[in-house]
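The structure under discussion appears below in the form of structure tokens.
Throughout, protein chains are lettered first and strands after them, A, B, ... in sequence-line order, and every chain is numbered starting at 1. The figures that follow rest on heavy atoms only: side chains count, while hydrogens, waters and symmetry mates do not.
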There are 2 protein chains.
Amino acid sequence: MPYLCFMDIRSFFEYGHEEYLPHLSSDVVVIGYAEEKLKCLLLRIGARWLLPGGFIKLDESVEEAASRILTERTGLNDPHLKFLSVFGKSERNFAEEWKEHLEKFGVSWKQDLWINKRFVSLAYYSLVNIPDTHPVTGPLDEAFGWFDLDELPPMWMDHRDIALMARHKLRSDIRKDLVTHHLLPRHFTMPQLHQLHQVILNKDLDRSRFQKQMLATGFFERLPKLQKETRGRNPYQYRIKENKDH
Amino acid sequence: MPYLCFMDIRSFFEYGHEEYLPHLSSDVVVIGYAEEKLKCLLLRIGARWLLPGGFIKLDESVEEAASRILTERTGLNDPHLKFLSVFGKSERNFAEEWKEHLEKFGVSWKQDLWINKRFVSLAYYSLVNIPDTHPVTGPLDEAFGWFDLDELPPMWMDHRDIALMARHKLRSDIRKDLVTHHLLPRHFTMPQLHQLHQVILNKDLDRSRFQKQMLATGFFERLPKLQKETRGRNPYQYRIKENKDH
DNA sequence: TCAAAAGTGTTCTCTTTACACCCATGT
DNA sequence: ACATGGGTGTAAAGAGAACACTTTTGA
């Protein structure tokens, strides 16, 4: 597991506070697109799932931490990443939820363990092309999976709220930023992008207008038409022009 | 100073870590409007100025902390408050900047004082009606003042960046949210609001269109016209309808 | 009655919308 | 040839911009 650089699990619970900023965590809603649905990468601990997350090292910025966490989990080199929100309620303390699982790892549970304090989470979301990802489990979680954002499984803590807020923010960001191509392969077609936007916004969009609006931005570069894929006429492929990604 | 509830200054530096979340601070860009300019409330320590700020108590949410800090400093009851950004660079450590001032307060400076660690700041901005505010100095700062955002004085740390980012965010938020009336008295006129928007956006706005757009939102309630104020025709006054202060 | 400030209306333009039509290609 | 899916054009509706006109009131 080349991307994991956690210290061993017992040291983590005992001495994590020496390496990480206490009371602060970073969670990333990793959003992908498959089967004409938005998917979200989740990790399983016990019977419930949680977002990829981690802590912020004393010597890295919060953005670097989010990026590192994302890379550790997905293997992506230079992932898309956008700040989502701060989750900072005072009762945001999940000591009890940790309790039973710590014992599995042979760590004796203590109320005053750093991990049992109240935590403020800095949440980000990331748009990824699923085939480019290589998710791995970490030392704590037992499995990973891509879940339809409309059918999220039972989740730990307030991670369900965070995931749904990410979709909500994506829906409003889609008008300002040109970021949705991160959910597709580097080469994609307008029908693909059109379909994707319809899925994200959950409504029909006029094809003609959509294509005009996208091309009017000037950020798209048309590639030679793809030969013989499907039955009818085949679509042009596009890619985002260099230096214009954003 | 009824709104200040800091513990005494020495205890603050010695034992603050027992009451506050370590490594986390909250800074608020308090924006007002006077003399047809955007103003920003700053506090002076030594030769430089800084934003009103503080730390987050163990048992309050980050929003509550920002609101408390704002209330402590301005006396406002239920102030407008909007999240701005996280400032989380790893080198965000101002130990050296504190050094000379700690000694003034009779606190012996030590490298490992909690206040000397690297800090992540959760920045907010707040739009206020200046005449409603009653700014006070705190235990550390020696004076307060309203500064033109175009002519900020020398400031501590990265607070200048934070203040300017607040203006930038206000300029983009102005299209989505209806919040600028917080900068005016509860009863205001369209020419006032028009002027204010021109100042914020730093460009001319068509009077006719501006008025139509504002009234088209349906959030404005027209009050009886004010009698004899100035030379020509006198403007109607408006207020924001109840339950629509979004 | 004129000037100044506020408020409203009119016209023109540009964008958005909805839908129709044309193009390419495998069966 | 025609069914299928991709791509483009066009006319109607709506939103935005520019500017002119009317109203109110003090001098």
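- Between B:Phe147 and B:Trp49, the two ring planes are perpendicular [angle over 60°; tilted spans 30° to 60°].
- Salt-bridge formation is not detected for the pair A:Glu221/A:Lys241: no Lys NZ or Arg NE/NH1/NH2 atom is positioned less than 4.0 Å from an Asp or Glu carboxylate oxygen.
- Remark: P of D:dT8 and CG of A:Leu215 are 7 Å apart, rounded to the nearest angstrom.
- A heavy-atom distance below 4.0 Å to DNA chain D is reached by none of the residues of residues 192-202 of chain B.
- For A:Gln211 and D:dG6, the shortest distance from a side-chain N or O to OP1 or OP2 is not below 4.0 Å.
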Practice item. Let me see the working for B:Phe210 and B:Leu193 under side-chain contact (heavy atoms from CB on, under 4.5 Å), right down to the final yes or no. Key: CA-CA 9 Å; B:Phe210 178 81; B:Leu193 193 64; 3.9 Å; yes
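- By the 30° and 60° cut-offs, the orientation of the rings of B:Phe188 relative to B:His181 is parallel.
- Within a 6.0 Å radius of CD in A:Glu35, other residues, nucleotides and ligands contribute 12 heavy atoms or fewer.
- One atom, CG of A:Leu205, and another, P of D:dG6, lie 15 Å apart when rounded to the nearest Å.
- Rounding to whole angstrom units, CD of residue A:Gln213 and C1' of C:dT17 are separated by 10 Å.
- Regarding A:Phe210, its CZ atom lies at a distance of 19 Å from the P atom of D:dG5, rounded to whole Å.
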**Study point:** Worked check of salt bridge (charged side-chain N to carboxylate O under 4.0 Å, His left out) between B:Lys212 and B:Asp206
**Key:** CA-CA 10 Å; B:Lys212 280 178 213 158; B:Asp206 184 85; over 6 Å; no
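- With rounding to whole Å, B:Tyr236 atom OH is found 12 Å from D:dT23 atom P.
- The neighbour count for B:Arg186 CZ, taken as heavy atoms of other residues, nucleotides or ligands under 6.0 Å away, does not exceed 12.
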Contact list (N/O, under 3.5 angstrom) for nucleotides 1-3 of chain C vs protein:
none

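- Under a 3.5 Å cut-off, the side chain of B:Glu60 and the backbone N or O of A:Ser90 do not form any donor-acceptor pair.
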Give each protein N/O atom lying under 3.5 Å from an N/O atom of nucleotides 19-23 of chain C, with the pair distance.
from, atom 1, to, atom 2, distance (Å)
C:dC23, O2, A:Arg233, NH1, 3.0

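- Between A:Asp141 and the choices A:Arg48, A:Arg73, A:Arg44, the salt bridge (Lys or Arg N to Asp or Glu O under 4.0 Å) rule is met once, by A:Arg73.
- Between B:Asp150 and B:Arg167 there is a salt bridge, with a side-chain nitrogen of the basic residue lying less than 4.0 Å from a carboxylate oxygen of the acidic one.
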Practice item. Using the salt bridge (charged side-chain N to carboxylate O under 4.0 Å, His left out) rule, take B:Lys89 and B:Asp158 through it: C-alpha gap first, then chi angles, then the decisive distance, then the call. Key: CA-CA 11 Å; B:Lys89 286 185 182 164; B:Asp158 53 1; over 6 Å; no
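- If you take CZ of A:Phe188 and C1' of D:dG6, they are 16 Å apart, rounded to a whole angstrom.
- Taking atom CG of residue A:Asn234 and atom C1' of nucleotide C:dG26, one finds them 9 Å apart after rounding to whole Å.
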